[in-house]
Amino acid sequence: MKFGPSSIFASVLLLITAAAAQEKSRKSHDGSYLPPAAIAALQDIRKENIETHVRFLSHDLLEGRGTGTRGGDIAAQYIAAQFALYGLKPAGDNGTYLQKVPLVGITPGADTRFSLVASADSPGSPAPMDLRMLEDYVVYDQTQQTASDIDAPIVFVGYGIEAPEYSWDDYKGVDVKGKVLLMLVNQPSNDPNLFHGKALTYYGRWTYKYEEAARRGAVGAILIHKTEMASYGWPVVRNSNSDEKAYPQLDGSPRLKAAAWIQLEIARKLASSAGLDLDKMMADAQSRDFRPVQLPVRLSAHITSKVRPFESNNVIAVLPGVGALKDEGVMYTAHYDHLGIRPGMPGDNIYNGAMDNATGCGILLEVARAYSEARQKPRRSVFFASVTAEEQSLLGSEYLGKHPPIPAEKISLDLNYDNVRPLGSPEEVEVSGAERTTFFPFVQRAAEDFRFRIRPAAHPEAGYYYRSDHFSLARVGIPAFSINEGIKFKGHDDAWGLAQDDDFLHHHYHQPSDEYHPGWDWTSDAAMARFGFALGWQAANQSRLIEWKKGDEFDRARH
Ligand SMILES: [Zn+2]
């Protein structure tokens, strides 16, 4: 027998079977429930298979699966080979499993100069202030030139947000073309009725701020880094902004010559050199009445970059649907890339990314195998996409969202897996974002059947919803969320779960020590795979496509 009677699958099986039997007498809300063939397929999901994939994908031989590196490409080929072995059809370019993602690597040059120069008319004409790269600021030139020059006035635009649905506009129609915008990260937070209270919306993310500045024709945007606002310290900003970073190849969309961050203290000096008080400026930015403030200071910059165009790949397979709904689909995603190798670093410099995100790939592959072996096929087509360049700001999934295998409006749901750690028998599941969709009642019911409590997002202010691949699909309107375990595991209390989280975050997250160790308990990964299988099966078979709830920030993109 593959599983002991006490294993989670056995209890889940009983629950689901019981639920299915009950379903016959109960009025159905969503039209269907798992048929015996789906239950059998779900039962056959094996934790040993997930572990095997993780062990291989996080092996030193894969060199940390860096985007655009040999190790990353081997991971993609491995995943494509599994899809082929399962008998799934290719859904990439030209009848292959690979979807080419054209990217450009940018490395800031050491001779980059950034200085703040008082405008000619400012009193006393203070001396220019030269900033130290990495210590005071970080910058990337998104225009993909080897050298760019900037000499432009700096305008403080508060949070740099224009959000009609919250009647918020920091720009107030002021023309910022050709200017450099200084702004705060995050979103106004002193009014709980504004935005989503403490929960970060996309308007609070730094990616939005750069995009909005570029859309308005600014040449640069400088974000002021304040730890409690960004939810990570300056060392994180510095470390993730000193090496090569990948960008989408130029496609006609506007780009900034300077996409920069500066330390809070530097912003303070900048304000005071202009006779202003940064704390007051930040307080003013909390108000709807805020208006942009042009500072009597210019940014004078010479930015050099090493520019390296390259290609990476998403890996996409499909199990074609059967019948009238086969042109519609459901999608599973998990990124396979990680951070590669840091050549100059002494000691172990391979970022194996066992948890982040070989685990998600292992789950995606095992779910794909379960579907491919199910005796009955779902009505909608089921896509499995292992994406690249997540660690480079979700670039692989962004490309997938813009170039989906079928039109985005025909994709009912995306279920994403990212960093599902093998911690034992989960008693909770995290599905943040699911509550924004019309699918939520089913998610709640499935969670009940699996005996999972739904755990609300632990840190809504950190905006994790905007930090993994499902977000790229939400942006093009596809209802999407990640599935992960919560905090509470069988035989442990909440404190234990929180301590596991804390230990991972501080000692292993994005570090070479995120490695595979034998002896971990993969029950949790198998449980998340089964839960996701049940959700995806339902989404693939129910008569209606899933929608965002009315008024949700992504609903507009859907219609
Ligand atoms: Zn990840």
Side-chain angles (χ1 to χ4, degrees), residues 50 53-54 57-58 62-69 71-72 75-76 79 101 103 205-207 231-232 236 239-240 243 245-246 312-315 331-341 350-365 367 384-401 414-423 430-433 457-459 462-475 480-486 500-501 503-516 524-525 528-529 532:
I50 298 173
H53 294 309
V54 173
L57 289 168
S58 63
L62 274 85
E63 300 171 346
R65 306 187 307 277
T67 294
T69 71
I79 292 163
V101 180
L103 299 170
R205 289 282 295 153
W206 55 269
T207 41
S231 86
Y232 34 78
V236 173
N239 293 342
S240 54
D243 293 336
K245 204 176 225 186
S312 187
N313 292 285
N314 293 330
V315 192
M331 189 178 262
Y332 288 88
T333 47
H335 76 88
Y336 69 80
D337 66 296
H338 196 54
L339 300 169
I341 297 181
I350 303 176
Y351 289 73
N352 305 81
M355 300 303 104
D356 185 9
N357 184 30
T359 54
C361 297
I363 292 171
L364 178 104
L365 287 171
V367 169
F384 303 94
S386 190
V387 297
T388 186
E390 189 270 354
E391 308 288 6
Q392 316 282 330
S393 298
L394 318 181
L395 296 182
S397 56
E398 180 183 326
Y399 191 85
L400 176 64
D414 168 59
L415 295 172
N416 185 60
Y417 288 101
D418 195 352
N419 206 344
V420 183
R421 289 177 296 135
L423 294 173
E430 254 195 49
V431 287
S432 297
H459 302 286
Y464 285 115
Y465 188 80
Y466 309 97
R467 291 163 72 167
S468 192
D469 291 305
H470 58 259
F471 169 58
S472 295
L473 300 161
R475 290 191 90 176
F481 56 92
S482 285
I483 295 173
N484 214 324
E485 59 217 12
Q500 301 299 310
D501 257 21
D503 176 61
F504 179 76
L505 207 65
H506 291 103
H507 302 120
H508 308 295
Y509 175 69
H510 285 194
Q511 294 187 33
S513 63
D514 178 2
E515 293 176 305
Y516 169 79
S524 43
D525 293 66
M528 293 303 118

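Counting convention: from 1, in listed order, for ligands and their atoms alike. Numbers here are sequence positions counted from 1.
Proximity of Tyr351 to Asp356: side-chain heavy atoms (C-beta onward) are nowhere separated by under 4.5 Å.
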Please assess His470 against Tyr465 for the test side-chain contact (heavy atoms from CB on, under 4.5 Å), listing each intermediate value before the final yes or no.
CA-CA 8 Å; His470 58 259; Tyr465 188 80; 3.4 Å; yes
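Counting just the N/O/S atoms of Asp356, the one with the shortest distance to the Zn ion (ligand 1) is named OD1. Of all the N, O or S atoms in Asp418, the one closest to the Zn ion (ligand 1) is OD1.
Using a cut-off of 2.8 Å, one finds that His335 contributes an N/O/S atom close to the Zn ion (ligand 1).
Of the candidates Asp418, Asp469, Asn416, His335 forms a side chain to side chain donor-acceptor pair (under 3.5 Å) with just one, namely Asp418.
Cation-pi check for Arg65 over Tyr336 is not met; the charged atom does not lie both under 6.0 angstrom from the ring centroid and within 45 degrees of its normal.
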